[in-house]
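Working notes, beginning with the structure itself.
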Amino acid sequence: MLDNFPRGTICIEDLEIGMSRHLTKEVTDRDIELFAEVSTDRNPVHLDDSYAMDTIFEGRIAHGMLTAGLISAVIGEQLPGHGTIYMGQNLKFLGPVRPGDVVRAEVTVMTIDYGKRRVTLNTECTVDGKPVLRGDATVLAPSKKFD
């Protein structure tokens, strides 16, 4: 996994509209198998090559929530980072992620409510520059005053 900035915490007092962080990760067969085990989602479109070939995807795909989990990694590790509490996430899946794909997960600050410590983030995952997931998240950001 490649992060564009160190992991840690950016307190709400230091956030700015337009601030962005990302990571990239190759999604492996092992990732998909582990996600299936942890989530108990063993849909054969994720795990069975012959089954998946007969679907609209014409091959195996990663779980959508595995891809969304990369957004969670950026939020929880980079922006705002450690101490952030997820409050909500809207997602739209735009395309499949296949074993071997390199996913870029990016988060951008859209709005900041300093009084409530709420931050709205634009979220996007891409493969080869093509969007595979878009959405937005609302988080409770850490503060220098309270944390």
Side-chain angles (χ1 to χ4, degrees), residues 1-112 117-143 147:
M1 191 160 8
L2 300 172
D3 298 356
N4 68 328
F5 286 92
R7 293 175 177 230
T9 304
I10 303 173
C11 290
I12 194 165
E13 294 85 358
D14 298 321
L15 292 178
E16 299 174 11
I17 304 295
M19 187 178 279
S20 181
R21 297 291 185 271
H22 72 269
L23 64 76
T24 58
K25 181 187 183 339
E26 179 179 354
V27 174
T28 66
D29 285 323
R30 183 169 183 270
D31 294 327
I32 294 168
E33 291 163 7
L34 288 171
F35 191 89
E37 184 177 332
V38 169
S39 69
T40 72
D41 178 354
R42 302 198 57 79
N43 184 328
V45 76
H46 306 303
L47 303 168
D48 183 326
D49 285 316
S50 59
Y51 176 92
M53 286 303 294
D54 290 333
T55 69
I56 61 169
F57 301 110
E58 299 178 337
R60 288 189 311 115
I61 61 170
H63 301 75
M65 294 310 288
L66 189 159
T67 303
L70 299 177
I71 293 293
S72 179
V74 178
I75 291 170
E77 294 285 339
Q78 294 185 36
L79 184 64
H82 299 172
T84 301
I85 305 298
Y86 237 120
M87 297 182 70
Q89 174 81 55
N90 295 306
L91 299 171
K92 183 167 185 171
F93 298 99
L94 304 171
V97 173
R98 301 179 184 283
D101 281 350
V102 175
V103 177
R104 177 185 164 108
E106 186 165 359
V107 170
T108 305
V109 175
M110 301 303 293
T111 67
I112 305 169
R117 294 174 50 192
R118 305 283 196 280
V119 179
T120 304
L121 304 161
N122 184 59
T123 60
E124 182 176 69
C125 291
T126 58
V127 172
D128 294 328
K130 297 177 185 172
V132 294
L133 178 155
R134 280 195 181 132
D136 59 80
T138 302
V139 301
L140 179 66
S143 170
D147 298 330

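Side chains included, hydrogens not; waters and symmetry mates left out as well; all remaining heavy atoms used.
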- Message: Could you measure the distance from the OG1 atom of Thr123 to the CG atom of Leu79? Nearest 0.5 Å is fine.
- Response: 11.5 Å
- Message: For a 4.5 angstrom cut-off between non-hydrogen side-chain atoms, does Val132 reach Arg98?
- Response: no
- The reported gap from CG in Leu94 to NZ in Lys92 (rounded to nearest 0.5 angstrom) is 6.5 Å
- Item | From CA spacing to verdict: side chain to side chain contact (heavy atoms under 4.5 Å, CB included), Gln78, Val107 | CA-CA 9 Å; Gln78 294 185 36; Val107 170; over 6 Å; no
- Of all residues at least two apart in sequence or in a different chain, which pass the side-chain contact (heavy atoms from CB on, under 4.5 Å) check with Glu106? Ser20, His22, Arg104, Thr108
- Message: Holding to side chain to side chain donor-acceptor pair (under 3.5 Å), I want the full list of residues that pass it with Thr126, two or more places apart in sequence or in another chain.
- Response: none
- Message: Which residues pass the side chain to side chain donor-acceptor pair (under 3.5 Å) test with Thr67, not counting sequence neighbours?
- Response: none
- side chain to side chain contact (heavy atoms under 4.5 Å, CB included) evaluation trace for Val74 with Ile71: CA-CA 5 Å; Val74 178; Ile71 293 293; 5.8 Å; no
- Note on the structure: In short, ring-ring contact (aromatic ring centres under 6.0 Å, His included) pairs touching residues 75-102 with sequence neighbours left out are none
- Residues forming a salt bridge (Lys or Arg N to Asp or Glu O under 4.0 Å) with Asp31, sequence neighbours excluded: Lys25
- Note on the structure: Sequence neighbours excluded, the answer for ring pair (Phe, Tyr, Trp, His ring centres under 6.0 Å) partners of His46 is His63
- Task: Please collect all salt bridge (Lys or Arg N to Asp or Glu O under 4.0 Å) contacts where either partner lies in residues 49-73, sequence neighbours excluded, each pair once.
- Result: Asp29-Arg60, Asp49-Arg60
- Where Cys125 and Ala105 come nearest, the two heavy atoms and their spacing: SG-CB, 3.8 Å
- How long is the span from the OG1 atom in Thr28 to the CD atom in Glu33, to the nearest 0.5 Å? 8.0 Å
- Considering only heavy atoms from C-beta outward, does the side chain of Thr84 approach that of Pro142 to under 4.5 Å? yes
- Message: Under the rule for side-chain contact (heavy atoms from CB on, under 4.5 Å), what residues qualify as partners of Ala62, not counting sequence neighbours?
- Response: Val27, Ile32, Val97
- Message: Using side chain to side chain contact (heavy atoms under 4.5 Å, CB included), reason through Asp101 and Asp128 one step at a time and then give a plain yes or no.
- Response: CA-CA 8 Å; Asp101 281 350; Asp128 294 328; 5.5 Å; no
- What's the spacing between Asn122 CG and Met110 CE if we round to 0.5 Å? 5.0 Å
- Note on the structure: Residue set satisfying side-chain contact (heavy atoms from CB on, under 4.5 Å) with Met53, at least two apart, ordered chain then number -> none
- Task: Check side-chain contact (heavy atoms from CB on, under 4.5 Å) between Thr55 and all other residues, then give those that pass, not counting sequence neighbours.
- Result: Val45, Tyr51, Phe57
- Message: As a quick check of understanding, evaluate side chain to side chain contact (heavy atoms under 4.5 Å, CB included) for Ile10 and Arg21, giving each step before the final call.
- Response: CA-CA 11 Å; Ile10 303 173; Arg21 297 291 185 271; 3.6 Å; yes
Indicate every side-chain donor-acceptor pair of residues 133-140 with a distance under 3.5 Å to a residue at least two apart or in another chain.
unit_1	atom_1	unit_2	atom_2	d
Arg134	NE	Glu124	OE2	2.7
Arg134	NH2	Glu124	OE2	3.3
Asp136	OD1	Asn90	ND2	3.0

- Ile75 and Gln89 have their tightest heavy-atom pair at CD1-OE1, 4.4 Å
- Query: Taking only residues at least two apart or on different chains, which pairs with a member in residues 36-45 satisfy salt bridge (Lys or Arg N to Asp or Glu O under 4.0 Å)?
  - Reply: none
